[in-house]
Amino acid sequence: MYRIKTFNNIAPAGLERLAPAFYEVGSAVSGEEGILVRSANLLDYTFPDSLLAIARAGVGVNNIPLDRCSASGVAVFSTPGANANAVKELVICAMLISSRDVTGAVRWVHSQADAGADLEAVVEKGKSAFAGPELYRKSLGVIGLGAIGSLVANVALELGMDVYGYDPFLSIGSALRLDRHVHVVRDVKELYKKADYITAHIHFNEKTRHMIGADALSAMKPGVRLINLARGGIVDDQALLEALDAGQVTAYVTDFPTNALVASPHVVAMPHLGASTPESEQNCAVMAADELRDYLENGNICNSVNLPDVFLERSGVMRLCVIHKNIPAMLANITTLLSRDGVNVENLSNKSKGNYAYTLVDLGSMVEPSVIADLKSLANVIRVRAINWS
C-alpha cells in the first residue's frame, strides 16, 4: 500500500482516483511515498527517505524545493492546462475591468447610496467618470503561449482583437493550438510597441523575475493596460507604480496584491482568483492524482518540472526506474551491469532534462537484490526503484 500525504484541501474527485485498497491518503499520513499539495509551503518541510514524488495540483511550484527534490531523486509534477480555462476567463474579465473601471463604478454607486443620494438622479451624471474603450479592434499582447496563453490568444481573436504573441520556448503542441491569425513575434519589444493590452502567462523563476521592469514598461505603447495573473514577481512593482503615476500605464490588474499596489487608484488587485473555480480545482486534483499514481505504480513520468517525461508500456516481469545525472556513458554503465549479471532487458527508455536523466528498464526475469544494490552503487546514480509486475 502506498502512503500519500495531503497538504491543503484536495478536491474529492482527485482523491477518488487513489483507491483505498492500494493507497492510504490523508494529512496525518507519515513516512509517505507521495505528496499531494496545492499552495502549502514545502520549502522547509523535512522529506522522509521514503518520499518518491510530489504532485502539485496547480502550475506554480515556487512552494516546492526543486533543487532538493532533484538531488534526492524526488519527482515533482504539476498540472499544466488543468486550470487554463478558468484563468482564460478571468483574463477576459481583467481586460474589461481595466477598460471600463467596473470596480470603481460599483464602489461609486455604493458610496452614493451610503450618502443618501437618489441613485436614479445621480447615475446619469456620474457615469461618464467610468467610461472606457471597447476591446474590439484593439491589440492584445500575450507573453507566454502555453496552455493558458494560447487559449487567451484564441479567444481574443473571437472578440475582434488583433493578437500578438511572444514565447521563445514555444512548443510544437502549443503552436498547433494557436489560431493561425495570431502574430507570433520573435522580439518581445515588437509586442510592447503594438499592444494596447498585455497579459503575461509565464513561469516565475530567476530568469523571469522582474521581466516587466522599468525598461520593458518604457518600451510599451503609452497608455497600455497590463494584466498579470501569472506570478507577482514577474512585474517590478515599484517600476510599475512609477509608470502608472506617469501615465505610461493606464491600469494594472493583478492576482497578487501588495499593500503598495492597492494604494494606487490605477490598480485592481484580486486575491489570487485565477484558478478559483470548482471545475479548475477538480481538474487539477484529478490530473495530479493520476500523475502520482502512474509514477508510483508504473514509473512513468508526465508533466514533471524537474525530470524528463518518460512513458513505457509494461513488458517483462519487472521494471527498474533509475534517476541519475545526465552525463556521458550512464546508460551504457547501467546496461553493462545488467548484462554482466545475465539479466535480459525486454525494453528500455531513457530521456534527459537539464542535469538529470531518467531510465526505465523492463526485465524478462526477476533480479536478485544484489543487482539492484549494484545499480544504486554506480557513480552518479541518484535513486533506483524496482516495480514487480507479478
Side-chain angles (χ1 to χ4, degrees), residues 83-143 148-149 151-152 155-156 159-161 195-201 212 217 220-280:
N83 62 5
N85 189 71
V87 178
K88 175 203 76 177
E89 291 184 0
L90 195 62
V91 171
I92 302 305
C93 174
M95 286 198 291
L96 293 169
I97 287 174
S98 71
S99 284
R100 308 288 289 275
D101 192 12
V102 176
T103 55
V106 171
R107 286 196 299 269
W108 179 81
V109 168
H110 281 278
S111 70
Q112 294 299 304
D114 291 341
D118 180 354
L119 291 181
E120 293 183 1
V122 300
V123 292
E124 290 301 320
K125 294 181 180 179
K127 68 180 184 181
S128 61
F130 309 102
E134 298 178 7
L135 302 182
Y136 183 61
R137 291 189 175 177
K138 301 303 188 301
S139 295
L140 172 66
V142 183
I143 301 174
I148 297 171
L151 285 181
V152 170
V155 77
L159 293 172
M161 303 186 78
D196 301 300
Y197 301 78
I198 293 176
T199 179
H201 301 285
I212 300 177
L217 291 164
M220 291 178 186
K221 191 175 182 179
V224 66
R225 290 167 165 85
L226 184 62
I227 297 157
N228 176 21
L229 306 185
R231 279 292 179 270
I234 292 168
V235 176
D236 181 340
D237 288 351
Q238 184 56 46
L240 172 72
L241 290 169
E242 292 174 4
L244 287 167
D245 290 341
Q248 173 66 10
V249 179
T250 296
Y252 179 51
V253 183
T254 181
D255 225 5
F256 307 96
T258 66
N259 293 91
L261 286 175
V262 298
S264 170
H266 309 294
V267 173
V268 176
M270 301 177 291
H272 202 180
L273 296 179
S276 295
T277 68
E279 296 89 347
S280 173

Would you please test His272 and Phe256 for ring-ring contact (aromatic ring centres under 6.0 Å, His included) and show each step? CA-CA 6 Å; His272 202 180; Phe256 307 96; 4.9 Å; yes
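- No donor-acceptor pair closer than 3.5 Å links the side chain of Gln112 to the backbone N or O of Val122.
- Here NZ of Lys88 is found 12.5 Å from CG of Asn83. Values are rounded to the nearest 0.5 Å.
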Does the side chain to side chain contact (heavy atoms under 4.5 Å, CB included) test come out yes or no for Leu244 and Tyr252, once each step is laid out? CA-CA 8 Å; Leu244 287 167; Tyr252 179 51; 4.3 Å; yes
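- With Asn228 contributing its side chain and Arg231 its backbone, the two residues share a donor-acceptor pair below 3.5 Å.
- No donor-acceptor pair under 3.5 Å is formed between the side chain of Lys125 and the backbone N or O of Ala121.
- Taking every heavy atom of both residues into account, Leu229 and Val87 meet most closely at CD1-O, 4.3 Å.
- Contact between Leu135 and Leu96 at its shortest, heavy atoms only, is CD1-CD2, 3.7 Å.
- Annotation: side chain of Lys138 is in contact with side chain of Pro133 (closest heavy-atom distance under 4.5 Å).
- Here Ile227 contributes atom CD1 and Ile198 contributes atom CD1; the two are 9.5 Å apart, rounded to the nearest 0.5 Å.
- Shown here are the salt bridge (Lys or Arg N to Asp or Glu O under 4.0 Å) partners of Asp196, two or more places apart in sequence or in another chain: Lys221.
- Of all heavy-atom pairs between Leu261 and Val267, the closest is O-CB, 3.4 Å.
- Listed for the Ser98 side chain is a donor-acceptor partner under 3.5 Å among the backbone atoms of Met95.
- Residues Asp255 and Leu90 are in side-chain contact: their nearest non-hydrogen atoms beyond the backbone lie under 4.5 Å apart.
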Please test Asp236 against Ile212 for side chain to side chain contact (heavy atoms under 4.5 Å, CB included), starting from the C-alpha separation and ending with a verdict. CA-CA 6 Å; Asp236 181 340; Ile212 300 177; over 6 Å; no
Pair Val235-Thr254, side chain to side chain contact (heavy atoms under 4.5 Å, CB included): steps then yes or no: CA-CA 10 Å; Val235 176; Thr254 181; over 6 Å; no
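- The minimum heavy-atom distance linking Ile97 with Val268 is given by the pair CG2-CG2, 3.8 Å.
- The backbone N or O of Ala195 sits nowhere less than 3.5 Å from a side-chain atom of Ser139 that would complete a donor-acceptor pair.
- A pairwise comparison of heavy atoms in Ala230 and Ala200 identifies CB-O, 3.5 Å as the closest pair.
- Residue Trp108 holds its CH2 atom at 14.5 Å from OG1 of Thr103, rounded to the nearest 0.5 Å.
- Rounded to the nearest 0.5 Å, atoms CG (Leu226) and OG1 (Thr199) are 8.0 Å apart.
- Listed by first then second residue, pairs satisfying salt bridge (Lys or Arg N to Asp or Glu O under 4.0 Å) with a partner in residues 100-121 number zero, not counting sequence neighbours.
- Separation of atoms CD (Glu242) and OG (Ser264) is listed at 12.0 Å; rounding is to 0.5 Å.
- Heavy-atom minimum distance, Val152 versus His201: CG2-NE2, 4.0 Å.
- For the atom pair CZ of Arg225 and OG1 of Thr250, the computed distance is 4.5 Å after rounding to the nearest 0.5 Å.
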